[in-house]
2 protein chains.
Amino acid sequence: MADETNPFGEFPHRVVDPKADGVTRVASVNVNGIRAAHRKGMGEWLAARDVDVLALQEVRADEAILTKLITEMTASTGVDWHIHDEEAAAKGRAGVAIVSRSAPTEVRAGIGEAHLEDQGRWVEADFTLGDGSTLTVASVYVHSGEVGSIKQDHKMRFLEYMRHHLPELARTRDHVLVVGDLNVGHTELDIKNWKGNVKNSGFLPEERAFFDGYFGEEGGYVDVARSLAGPVEGPYTWWSYRGKAFDNDTGWRIDYQMATPALAALAHNATVDRALDYSLRWSDHAPLVVDYRLP
Amino acid sequence: MADETNPFGEFPHRVVDPKADGVTRVASVNVNGIRAAHRKGMGEWLAARDVDVLALQEVRADEAILTKLITEMTASTGVDWHIHDEEAAAKGRAGVAIVSRSAPTEVRAGIGEAHLEDQGRWVEADFTLGDGSTLTVASVYVHSGEVGSIKQDHKMRFLEYMRHHLPELARTRDHVLVVGDLNVGHTELDIKNWKGNVKNSGFLPEERAFFDGYFGEEGGYVDVARSLAGPVEGPYTWWSYRGKAFDNDTGWRIDYQMATPALAALAHNATVDRALDYSLRWSDHAPLVVDYRLP
DNA sequence: CTTTCTACG
DNA sequence: CGTAGAAAG
């Protein structure tokens, strides 16, 4: 409940977890339609959370709508935010974006060589850090998949592409942070009911094997939230709208922040904004928020 | 506003216009989707209005859903209502129904010879009256039409069919009551902005000419609401959802009760339940309610 | 269960 | 402006 003495109203976590000076806060969130998210209270979360880089997935709106809503939701900050998105060819589907307080030096949309279609699933932006090094941030939305459907083939192709592209990014850039909805739980700690899902898209052995690769020596990335949380169940980032999945915390940890090791070492304070305290829920995913003490 | 001393709560008209003994109340209403109408308060209207025959148009639901919702909305009456509908071939489109307190002796769906398609636009039911005569009630939903579109041709074909069928019904039955959304304003009194609509479907000269025929000597029907209201503007039965049409009463009188003369002579108390008093609006049409002192 | 688009009104 | 279906998640 809101605390009358709390200037952040219904967001007490903002008080118990203030952003420290010199910290860059990166939030990744699948908004499941930014229009609906905005209607249901995303703006209050954004105003209270004080993020510096906001990576969005499933925007499901064109650039004009995205810009309008982000501008409205960030009006209280008094600064002009930089908004870069990749829309899907099909209206109202997928769509990723990177919204940032500072201007990127370069933005690349689409998934490069596997650029078979305008899918609204990958956008990356380069930022120059204080020490002159470069940070590349990608907002990613992997297909949800369905066993026995062509959608699963597309998902596997995308995961396969990432197996090549992630190491290449890590090799050619200073710091890399790939965040988003990867639609796969890596380990048994990542899905509440993992036994019931070993044959479902999202926890298939062949999907999970890709993640072993992303996070292993060859992949060169750290699963930041897992690294900071340790080997505990969850914290989940998605709950089905069906039944009482959210109330029972029958969730999946399928949203990630994947950082190159030197960057991951600067991460602290990873939080999934499940919003239990204030009972707000404006998406089926919750934001994954991480603070980085960047150079 | 609701009057605390009014047992009908937010339906004061129920008090100022009680149904007299020995009266049969017939209501016609285009519900624009009975699911939405139910959700928005149709049940309260129905419970308060004490109708005997309810003719519905644009049900936009299959029989199972219609039956469930009508049963729920009439539960307080403690009687089993008789429900007969004609669905459109296309799910979620059109659909007419006759809901009655007493059982019809026969029900006919579809528009007979011009029965080119399952359109969900015509259903008629026969009832036996106290003196042994027969009353046929039809619930009709005429196409909305659009000048220059094939939809206008379908509308004109339907109106043409009615030009033949209405006199035939009148000739072969004792009493006939054809009610519903005819989607045409007959005279300049029937549309607030008639001058601006002489070239629009719903007030075209060729459409209005059909109504001259329906209500003339050859047609053999009386426009009950107009007959009781006299030559005044309206009362309108439909207002666009766009702009402030409802608030400004920029409406159309396109819902009718058409009765054979002997039946029309028994009609009194025609009311359009515009619901201004209690600010409820659960369809873009308002119910047209008429009391008949049947033999 | 929820979102968006679409067709129809 | 609003309804319901469809496709997707």
Side-chain angles (χ1 to χ4, degrees), chain A residues 30-40 42 57-62 65-66 87-95 119-121 141-147 149-152 154-155 181-184 200-202 238-247 250 252 254-255 281-285, chain B residues 30-40 42 57-62 65-66 69 87-95 119-121 141-147 149-152 154-155 181 183 200-202 238-247 250 252 254 281-285:
Chain A
N30 177 319
V31 293
N32 192 23
I34 196 161
R35 278 168 284 197
H38 169 257
R39 188 173 63 235
K40 298 196 277 184
M42 178 185 172
Q57 301 91 39
E58 279 206 89
V59 169
R60 303 180 68 175
D62 64 25
I65 293 170
L66 170 64
E87 295 169 30
K91 282 179 69 174
R93 300 281 171 74
Q119 293 193 118
R121 297 188 180 278
Y141 174 49
V142 174
H143 312 62
S144 75
E146 182 180 33
V147 172
S149 151
I150 185 74
K151 290 188 281 187
Q152 190 61 26
H154 293 156
K155 181 177 186 177
D181 175 5
L182 304 188
N183 261 318
V184 174
N200 293 140
S201 184
W238 175 82
W239 305 262
S240 170
Y241 273 128
R242 303 176 206 192
K244 291 184 276 292
F246 186 75
D247 294 340
T250 305
W252 298 48
I254 55 180
D255 298 88
R281 194 182 181 203
W282 40 266
S283 171
D284 50 350
H285 293 250
Chain B
N30 177 318
V31 295
N32 192 23
I34 196 161
R35 279 168 282 197
H38 169 257
R39 188 172 65 234
K40 297 197 276 183
M42 178 185 172
Q57 301 91 39
E58 280 207 90
V59 170
R60 304 181 69 176
D62 63 26
I65 294 170
L66 171 63
L69 294 179
E87 296 169 30
K91 283 181 67 174
R93 300 282 169 74
Q119 293 192 118
R121 297 190 180 274
Y141 173 48
V142 175
H143 312 63
S144 75
E146 183 180 34
V147 172
S149 150
I150 186 75
K151 292 187 279 189
Q152 189 61 26
H154 294 155
K155 180 177 187 179
D181 175 4
N183 261 320
N200 293 139
S201 185
W238 176 82
W239 303 262
S240 169
Y241 273 128
R242 303 177 205 193
K244 292 184 272 295
F246 187 74
D247 294 341
T250 306
W252 299 49
I254 55 180
R281 195 183 180 202
W282 39 268
S283 170
D284 49 351
H285 293 251

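Letters A, B, ... are given to chains in the order of the sequence lines, protein chains preceding strands, and every chain is numbered from 1.
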Assign each of A:G92 and A:G243 to its nearest nucleotide of DNA chain C by heavy atoms, then name whichever residue's nucleotide is nearer the 5' end.
A:G243

Check the distance between C:dT2's P and A:N30's CG and give it to me in whole angstrom.
16 Å

B:R121 has a side chain; which of C:dG9, D:dG5, C:dC5 sits nearest to it?
C:dG9

Can you confirm whether B:F246 sits close enough to B:D284 that some side-chain heavy atom of one is under 4.5 Å from a side-chain heavy atom of the other?
no

Can you measure A:D255 atom CG to D:dG9 atom C1' for me and round it to whole angstrom units?
13 Å

Whole angstrom value for the distance that separates C1' of C:dC8 from CG of B:D181:
14 Å

Testing A:V184, A:N30, A:D181 one by one against A:I254 for a side chain to side chain contact (heavy atoms under 4.5 Å, CB included), which residue passes?
A:D181

Would you say a side-chain N or O of B:K244 is under 4.0 Å from OP1 or OP2 of D:dC1?
no

Evaluate the ring planes of A:H154 and A:H143, with Trp represented by its six-membered ring, and classify them as parallel (under 30°), tilted (30 to 60°) or perpendicular (over 60°).
tilted

From the set D:dA4, C:dC1, D:dC1, return the single nucleotide nearest to any side-chain atom of B:Y241.
D:dC1

Quick one: B:H285 NE2 to D:dT3 C1', roughly how many Å, whole number?
12 Å

Give a yes/no answer on whether the side chain of B:R35 brings an N or O atom under 4.0 Å of OP1 or OP2 in D:dG5.
yes

What is the ring orientation for A:W238 with A:H285, classed by angle as parallel under 30°, tilted 30 to 60°, or perpendicular over 60°?
tilted

Would you indicate which nucleotide in D:dT3, D:dG9, D:dA7 comes nearest to any side-chain atom of B:N32?
D:dT3

A:N183 side chain near A:Y141 side chain, heavy-atom distance below 4.5 Å
yes

Expressed as a whole number of angstroms, how long is the span from B:E146:CD to C:dG9:P?
9 Å

Which nucleotide in the set C:dC5, D:dA6, D:dA8 lies at the smallest distance from any side-chain heavy atom of A:R93?
D:dA8

What's the closest nucleotide to the side chain of A:K151 if the choices are D:dG9, C:dT4, D:dT3?
D:dG9

Find the distance B:K40:NZ to D:dG2:P and express it as a whole number of Å.
7 Å

Would you mind reading off the distance between B:W282 atom CH2 and D:dA4 atom P, rounded to a whole angstrom?
13 Å

Can you find an N or O donor on one side and an acceptor on the other, under 3.5 Å apart, linking the side chain of A:R60 with the base of C:dT3?
yes

To the nearest angstrom, the CZ-P distance between B:R242 and C:dC8 comes to 14 Å

Options C:dT6, C:dG9, D:dG5, nucleotide nearest the side-chain atoms of B:K91:
D:dG5

